Amino acid sequence: MNIKTDKPTSAVSTRKVEEAEATAFLERVRSNQHHLRSGLRSHYDFIVCGSGSSGSVVARRLAENPKVHVLLLEAGGRDDVPQVMEANQWPLNLGSERDWGFQSKPTASLNGRAVHMAMGKVLGGGSSINVMVWARGHKSDWDYFAEEAKDPAWNYDSVLKIYRRIEDWNGSPDPEYRGVGGPVFVEPAPNPNPIAPAMLEAAQSIGIPTFENQNGRMMEGDGGASIVDVRAKGGKRQSIFRSYVYPMMDRENLTVLTGALVLRLNIEKGRTTGVDVLLDGVLIKFAATKEIVLSMGAIQTPKLLMQSGIGDEYELRRHGIPVLQHLPGVGKNFQDHIAFDCVWEYLDPLPPRNNMAEATFFWKSDPTVPTPDIQACLAEVPKTSPENAARHDMPQHGYTLFGGLMRPKSRGYLSLAGPSPNDPIEIEANFFSHPDDLKVALECVELCRDIGNAAPLRAFSKREVMPGPLKGLALEDFVRTAATTYWHETCTAKMGTDEMSVVNGRLQVYGIQSLRIADGSIMPRVTTGNTMAPCVIIGERAAEELSKDHGL
Ligand SMILES: Cc1cc2nc3c(=O)[nH]c(=O)nc-3n(C[C@H](O)[C@H](O)[C@H](O)COP(=O)(O)OP(=O)(O)OC[C@H]3O[C@@H](n4cnc5c(N)ncnc54)[C@H](O)[C@@H]3O)c2cc1C
């Protein structure tokens, strides 16, 4: 009898102790950061601009050395709001003050439509507003990065070691592929909605094998289907900022400033010396004695570079910006996973669970392509573009196969609207500018329909809402009206060695000293699958190189 009553009592008391410790830590963080903010230094050893999926990692790794003073600058605000913390509230961030709310330019290839391109503007960046899927990328992506960088530190074997070191895997033990005890808690979506395993059965019924999770063997071959790996624990989002930076914020050597908009780099004789920052409406100059790291994401990092005089000389001169370094690749090579929705209405509505997207598959549009070039996530709500919604009878309750192109061949570019930091950036996403992308998109829609209409999923559906059995030009028109972003904007300051490369394999900006880039913009090619985990690797790699160069 004692045993029965003791267990819950000790569980309750353990929880109370943990809560008390968390409250005490929060108090220490508040008081330390208040103290640091009211006594800002004029210079720091390192300044990290942007607290997203990569920047949080860089700041944390540098600040692990107590002798190193790190300033982390974030334009957005605090993340301790339910829309960020509660995993199932993520859609509420779209269009909110935590979203930069970029828009691509309208284009004929999308039937004259512009696409809303959300990116996180809050502590944690994208990792605080995203769908929390942890997707490492395909083996071939990392081997390609290594080839482009001419540096084996980026190859799959090296990166797999980093993944194992940083993960705290809460699924079935798999030491060959998964690590435990690191900062990145990750697990297969627990107790998923019954429709998620049904999607795996449906995929299997047309020959797509099921894997134990999406991040081990499945990402070394032709693809497969699995329950997704998510970064949520007990229904709470685990952002990269919360996992990496927050536990260090009671330290004297790590200053984290919110509402700090980086306006411009200060560059003297080819060396970056500091940044101009708008903090609470006041212009402040911070100097970096060692290095500055740009981690502001694939739209804002190239914008800042160009407005600071680093970019294509023709583009800079067009806006009267003095050219400090001609790098024609800045803002070019824009990539995203072009995406579209196939929707079914529920027979009996099932409330979404976990991150509302608990199953996924990767597959090939054609058996001859070397690696998977199609992915779809099963979203447990009906969703589509506003233009497409207006054409269809959208149900209140339904589910979506959100398909996308993993190896798009279309390339977009960014251009300045003016020289001032207040001038917006223009995004020419160029979706479907390469004809092969449309072909793969049509294959992807057909595959989603085959899976969505296979018996295991048909059992859940009242009707297929879209696209239905369209063919030829009608199906093309559907895809062009549906096409949207997978929110994986990347590749606009690519790593490599050709003339369009912006950084080398050690992430140093060509031609400028003491300046690195660590964020999604350095990808030479968008990875296969969602992009947060690869951005964490980019942050870890940047930290490795900085530690080596500065003897940290
Ligand atoms: C809605 C949504 C859903 C997504 N779902 C997933 C998912 O489920 N899984 C996944 O793997 N990926 C997902 N992604 C993509 C993923 O979150 C991003 O690829 C990743 O966060 C990019 O990391 P980053 O470091 O390049 O930039 P970000 O994480 O975007 O961080 C950039 C940071 O810099 C700050 N910043 C920008 N400009 C300035 C400035 N001038 N001054 C100061 N600070 C500045 C920003 O506010 C932001 O905090 C999603 C993204 C979105 C938007």
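Because the structure is a prediction, the values reported are computed rather than measured. Indexing begins at 1, ligand by ligand and atom by atom, following the structure's order. Sequence positions, counted from 1, serve as the residue numbers for this chain.
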Could you say whether the N/O atoms of [X] and ligand 1 ever approach to under 3.5 Å?
X    : answer
V133 : yes
V262 : yes
L94  : no
M119 : no
S54  : yes
E74  : yes
I129 : no
T531 : yes
G126 : yes
S53  : yes

Ligand-side contact atoms (ligand 1) for residue partner [X], heavy atom cut-off under 4.0 Å:
X    : value
A260 : 42 (N), 43 (C)
G125 : 29 (O), 31 (O), 48 (C), 49 (O)
L261 : 40 (C), 41 (N), 42 (N)

I need the [X] [atom1] to [Y] [atom2] distance, nearest 0.5 Å.
X    : Y    : atom1 : atom2 : value
Q83  : E97  : CD    : CD    : 7.5 Å
F431 : S410 : CZ    : OG    : 8.5 Å
T527 : R407 : OG1   : CZ    : 9.5 Å
I166 : K161 : CD1   : NZ    : 15.0 Å

Among all the protein's non-hydrogen atoms, which is closest to [atom], and how far away is it?
atom                    : result
atom 14 (N) of ligand 1 : N130 CB, 3.6 Å
atom 27 (O) of ligand 1 : G297 CA, 3.6 Å
atom 52 (C) of ligand 1 : W487 CB, 3.3 Å
atom 53 (C) of ligand 1 : A118 O, 3.3 Å
atom 40 (C) of ligand 1 : M296 SD, 3.5 Å
atom 11 (O) of ligand 1 : M532 N, 2.7 Å
atom 44 (N) of ligand 1 : A75 N, 3.1 Å
atom 10 (C) of ligand 1 : N530 CB, 3.1 Å

Does a side-chain N-to-carboxylate-O contact under 4.0 Å join [X] and [Y]?
X    : Y    : answer
E86  : R237 : no
E220 : K139 : no
K285 : D276 : yes
E167 : R136 : yes
R61  : E544 : no
R411 : D437 : no

So, 4.0 Å and heavy atoms of [X]: is ligand 1 close enough to count as a contact?
X    : value
T490 : no
G120 : yes
A135 : no
C49  : no
W100 : yes
V122 : yes

Q. Which word best sums up how the rings of W90 and W487 line up, parallel for under 30°, tilted for 30 to 60°, or perpendicular for over 60°?
A. perpendicular
Q. Between the main-chain N or O of P188 and the side-chain N or O of N213, is there a donor-acceptor pair closer than 3.5 Å?
A. no
Q. Is a side-chain donor-acceptor pair under 3.5 Å present for N93 with D99?
A. no
